[in-house]
Amino acid sequence: MSVRPLRAAGRSFGLWAGAFRLDDRALVADAAAALEDMGYAALWYPGGLRRTFETAAVLLEATSRAVVATGIANIWVNPPAESAEAFARLDAAHPGRFLLGLGASHGPMVERSGLGRYERPLAKMRGYLDELDASATPVPPKDRIIGALGPKMLALSAERSLGTHPYLVTPEHTARIRAAVGAGARVMPEQGVVLDSDPASARATAREALAMYLGLPNYVNNWLRLGFTEDDVANGGSDRLVDALIAWGTPEQITARVRAHHDAGADHVCLQILGAPGELPLDTARSLAAALLD
């Protein structure tokens, strides 16, 4: 049986969680094994500024089938030589199960962190891929994916990687991405979810999660391209924007949003459960998996 379930077209789902980076490795390992048993085909985690690849090792060692993916490893933080070496080590130990997700991050975040001047992100990504290709242990294009939103980065993702892992997008945007990258590239969006049927509390949870991103031009400009207005992105985000970006309600309502991404051309959708920062909410994950597999 193939151990590369995300390399082939399909309609799978995964879980995206910052809490996979918790220091309690035993807790993370137990959660990873449980999630794999629930049916999650992939476990995604943000790269951050530390322990990018140590987290992958913990997740891979705790599972036997699930793909583990960075969503994303920041190319301003992780030197290409180190990423190539880490990929080779992880792939040797767990063949076909580590997917290197790469992203150019955001100007305010890069410059605030003292990582350098944020300029020409497309050229930066192209150069990073060139260095991966030239490494003593190259990372094959089919084993890397790019976090892309704009047309030029999307074109690069289709040309030089497995495809794209877009973040904070709608099914309508997924359809645009599919049209842009063509049938050969993989489209694997993140979808934030809140298991709560009360509009006021669900939207409050969603707004708390969105607050940081409403100050990042890459995301705001993408939402404006989708037809949202300056009013939609002001003052914590309009109900229209919040409801479009974050799926909330019952497991069945959330499942409908995931299936809308699939119908729009997504090969894989990774759910990010909101409202429990720093935790791995396994009960919620189990409820959602049951609905998605029904």
Using the salt bridge (charged side-chain N to carboxylate O under 4.0 Å, His left out) rule, collect all pairs that involve residues 273-284, keeping only residues at least two apart or in two chains.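 Residue pairs with at least one partner in residues 273-284: D283-R286.
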Quick one, W44 with H268, criterion side chain to side chain contact (heavy atoms under 4.5 Å, CB included). Give me CA distance, side-chain angles, the key distance, then yes/no. CA-CA 12 Å; W44 298 75; H268 173 85; 3.1 Å; yes
Donor-acceptor under 3.5 Å ([X] side chain, [Y] main chain):
X    : Y    : value
T205 : S201 : yes
T164 : I146 : yes
T70  : I72  : no
H262 : S12  : yes
R257 : P171 : no
Q191 : L245 : yes
S135 : E131 : no

So, using side chain to side chain contact (heavy atoms under 4.5 Å, CB included) as the criterion, who are the partners of [X] when residues are at least two apart?
X    : value
R207 : R203, D239, V242
A158 : V181, A185
L224 : V220, N221, E230

Is it true that D91 and R97 have a side-chain N and a carboxylate O under 4.0 angstrom from each other?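 Judged by the 4.0 Å cut-off on N to carboxylate O distance, D91 and R97 do not form a salt bridge.
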Could you go through the side chain to side chain contact (heavy atoms under 4.5 Å, CB included) check for F87 and D143 one step at a time? CA-CA 9 Å; F87 173 84; D143 291 323; 3.5 Å; yes
Checking [Y] against [X]: is there a side-chain donor and acceptor pair closer than 3.5 Å?
X    : Y    : answer
S83  : N78  : no
Y167 : Y213 : yes
D198 : W248 : no

Shared ILVMFWY cluster between L43 and L102, side chains joined below 4.5 angstrom?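 Yes, one cluster joins them.
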Is the CD atom of E252 crowded by more than 12 outside heavy atoms at less than 6.0 Å? yes
Output every pair passing side chain to side chain donor-acceptor pair (under 3.5 Å) with a member in residues 172-182, not counting sequence neighbours, ordered by first then second residue.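 Counting only pairs at least two positions apart or across chains, the side chain to side chain donor-acceptor pair (under 3.5 Å) contacts touching residues 172-182 are T170-E172, H173-N222, T174-H261, R178-D267.
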Are side-chain heavy atoms of R144 and L132 found at a separation under 4.5 Å? yes
Close side-chain approach of D232 and W223, heavy atoms under 4.5 Å: no
Relative to the ring of F98, is the ring of F53 parallel (under 30°), tilted (30 to 60°) or perpendicular (over 60°)? perpendicular
Distance-only criterion, 3.5 Å: show the donor-acceptor pairs between side-chain atoms of residues 28-41 and protein atoms not counting sequence neighbours.
residue, atom, partner, partner atom, Å
E36, OE1, S64, N, 3.2
E36, OE2, S64, N, 3.0
E36, OE2, R65, N, 2.5
E36, OE2, A66, N, 2.7
Y40, OH, A285, O, 2.6

Shortest non-hydrogen contact between I177 and P166, atoms and distance: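 Closest heavy-atom pair between I177 and P166: CD1-CG, 3.5 Å.
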